[in-house]
Amino acid sequence: MRLSKFSLHTTKETPADAEVVSHQLMLRAGYIRKLGAGLYTWLPIGLRTLQRIETIVREELDRAGALELLMPSVHPAELWQQSGRWQVMGDEMLRFKDRHDNDFAYGPTHEEVICHHVRQDFRSYRQLPVNFYQIQTKFRDERRPRFGVMRSREFIMKDAYSFHLDASDLAREYENMRSAYTRIFDRLGVDYRIVQADSGNIGGSRSEEFHILAGSGEDLLAVSDTGPYAANVEAAVCLPSSSARPAAGAAMELVSTPGQKTCEQVSKFMNVALDAKVKLLVVKGADGGLVGIALRGDHQLNEVKAIKHPLIADPLQLAAPEDVQQAFNCEVGYLGPVNCPIPLIADHAAAALADFVCGANQNDHHLKGVNWGRDCAEPQTADLRMVCEGDASPDGNGSIRFYRGIEGGHIFQLGRKYTEAMDVKVLDESGQSVTLEMGCYGIGITRLAAAVIEQSYDANGIIWPDAIAPFQVIICPIGMDKSDAVRAAAESLYTDLSAAGISVALDDRGNRPGAMFADADLIGIPHRIVIGDKGLAQQQYEYKHRRAEKAEMIPASTAAVVEKLGA
RNA sequence: CGGGGUGUAGCUCAGCUUGGUAGAGCGCUUGCUUCGGGAGCAAGAGGCCGUAGGUUCGAAUCCUAUCACCCCGACCA
């Protein structure tokens, strides 16, 4: 491509409303332009990178045996009403009416539509298993779009859906997709981790996320420092301590703690460590009443775990202060497990404490030297807390460290959640009607482009991995308009590389060298060839890799350039 | 959805407190000189100051409403 004809719009200044590096660089390098909140135009150079990502995804999914199709982005409401998600989805789903006053949604995901297709066309187990995918624009009306295309409202996603006669075949395909994703992320050339995940609203059993590690990532990952364990903190398991609870050593004692309501205040006031204290949260129970959750003072409640507990209401709701006052006859700051008037669940770590400090269920008072089983009932225990850095890894191998990640892919074994609601069945070998097992597998295409940049840039701009660069190599001729030799050499190299099927850009815009180099660095082309009279006099081109400190001279031949590109 | 902030030239912003009819840098056009890390000089083009009301002799500036966008939080197949 000749840059003089490529409509490349780079800028020196960073647009004011870009927070993260990838967003700033994509705007500056002319990859994207904002149309509205969470809405972006992909300019020609940006689209080239996007299409290269799509190509990798297509190649690996095709290789894994998935079939590409294309579903509508506009969905009739009936389908979503049938699955029950018309009500569940809330404002995140963009809804509108057509001229006949019928309800529609712009598809945020396609489980309903693919289920509809499969129930229409699939009759027999002989037609299974099957895995359909599409690469398509989705819309989710995010409450707060941000970080450019990392969290936009309209975005391009690869979504795949597989259907199976039984759970074991679903598990087989899940592994198949998992390795296809591994190949995709390997080919993208990024540092990523596969982490155990919560399946969220979409439901289902097993679920893993593919995260690109980056400090600006929105997700926190708990990763073992020496072992293979990795999980999104939402899903990270906290095991009970292996050592037995110490024996009670102190007598229970009432302490006056006027005005000391938070754990931090009490800890300071009584001069006890935060992790020697038990705090009590009160939430709505599944039966409509109140439930107490006991946590160690330094721990935080994990809401995802909490709502899965049978006694706790989903969604999680903190009890109103008036309701707590009524049940405990004291204020929220002084609650504790001793004489607790409501059902109580203790996190493993809180239940492992002895001689602990807690609220006395009496205003302006706490208790110290409290022991489970002696001063109050042995509690029902559960894993309810957020994992902490330094915790033992649940697989018994190493301890937990935190990383930030950008979710680039997510794979789920959905089971029958949707196929049951949507009535997706075939006849099996014995002529029995069977509800199918379903899996779904997503990759955020547009987000990946930004995520790669978050991991690969420097002060001068983007540094693309070869696999997804918009051009492999850029030719920068110095003084092309003045020197016939330079022009001839640049044109001939450009023609040769193009003919060899190499994706090449020729900067024939007539810019000064500094401007050319600055643009080449900013847009992130991995290889650069500079052609000038000085070098040509020695029969040499100058070669520089985008990551290299210094340029080097190579023989002025197409073969020498091709060799560099392959290296 | 709660809290905070910003809308002035293509971009980044100043001007607003104390009302008097609009500025800078970058970019763009033309010419000359330059030409290995975003060149210099000169001359230009470009803005109903987000929108609608109101106050005033007079509003970018004060008031009200509204819209858009950004940040923090909550939320997130």
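So you know, we letter chains A, B, ... as the sequences are listed, proteins then strands, and number each from 1.
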Let's see if you can work this out: which of [options] has an atom nearest to the side-chain heavy atoms of [X]?
X      : options             : answer
A:R143 : B:C35, B:A74, B:C69 : B:A74
A:K12  : B:C35, B:G38, B:C76 : B:G38
A:E142 : B:C76, B:G38, B:U12 : B:C76
A:N460 : B:C71, B:G37, B:G36 : B:G37
A:R151 : B:G37, B:C76, B:C69 : B:C76
A:I478 : B:C69, B:G38, B:G36 : B:G36
A:R146 : B:A39, B:U12, B:A74 : B:A74

When we call it a touch if two heavy atoms are under 4.0 Å apart, what does [X] touch: a base, just sugar-phosphate, or nothing?
X      : result
A:E218 : nothing
A:R28  : base
A:G532 : base
A:K138 : nothing
A:R528 : base

Say you draw a straight line from SG of A:C440 to CZ of A:F163; how long is it, rounded to the nearest 0.5 Å? 9.5 Å

Is there a Watson-Crick or G-U wobble partner for [N] with both distances under 3.5 Å, and if so, which one is it?
N     : value
B:U66 : B:G50
B:U61 : none
B:A39 : B:U33
B:G44 : B:C28
B:C75 : none

Gap in Å between the two [atom1] atoms, one belonging to [N] and one to [M], rounded:
N     : M     : atom1 : result
B:G73 : B:U29 : C1'   : 48 Å
B:A22 : B:C48 : P     : 12 Å
B:G31 : B:G25 : C1'   : 23 Å
B:A74 : B:A52 : P     : 38 Å
B:G10 : B:G4  : C1'   : 29 Å
B:G27 : B:U12 : C1'   : 11 Å
B:A9  : B:G5  : C1'   : 23 Å
B:A43 : B:C26 : P     : 15 Å

How long is the line joining [atom1] of [X] and [atom2] of [N], in whole Å?
X      : N     : atom1 : atom2 : result
A:D481 : B:U34 : CG    : P     : 15 Å
A:I406 : B:C76 : CD1   : C1'   : 16 Å
A:H23  : B:C69 : NE2   : C1'   : 12 Å
A:D521 : B:G37 : CG    : P     : 13 Å
A:D519 : B:G36 : CG    : C1'   : 15 Å
A:E303 : B:G73 : CD    : C1'   : 13 Å
A:H211 : B:C76 : NE2   : P     : 15 Å
A:I529 : B:G36 : CD1   : P     : 19 Å

Let's test your reading of the model: under 3.5 Å, does the base of B:G25 pair with the side chain of A:E13 as donor and acceptor? yes

For A:M516 and for A:G36, locate the closest nucleotide of RNA chain B by heavy-atom distance; then report the residue assigned to the nucleotide nearer the 5' terminus. A:M516

Could you say whether A:G442 or A:G514 is positioned toward the 5' end of RNA chain B, judged by the nucleotide with the nearest heavy atom to each? A:G514

A:A551 meets the side-chain contact (heavy atoms from CB on, under 4.5 Å) criterion, sequence neighbours left out, with A:E542, A:K544

Could you pull out all residues at least two apart from A:A451 that satisfy side-chain contact (heavy atoms from CB on, under 4.5 Å)? A:I212, A:I406

Thinking salt bridges, do A:R172 and A:D169 make one under a 4.0 Å N-O criterion? yes

Inspect the contact between A:E491 and A:R2 and indicate whether a charged nitrogen and a carboxylate oxygen are less than 4.0 angstrom apart. yes

Taking the six-membered ring for Trp, are A:Y31 and A:W464 parallel (under 30°), tilted (30 to 60°) or perpendicular (over 60°)? tilted

Residue-phosphate contact under 4.0 Å: A:K34 side-chain N/O, B:C70 OP1/OP2: yes

Let me know which of A:H75, A:R85, A:H117 forms a side-chain hydrogen bond (donor to acceptor under 3.5 Å, both in side chains) with A:E112. A:R85

For A:Q134 and A:H110, test the side chains for any donor-to-acceptor distance below 3.5 angstrom and give the result as yes or no. yes

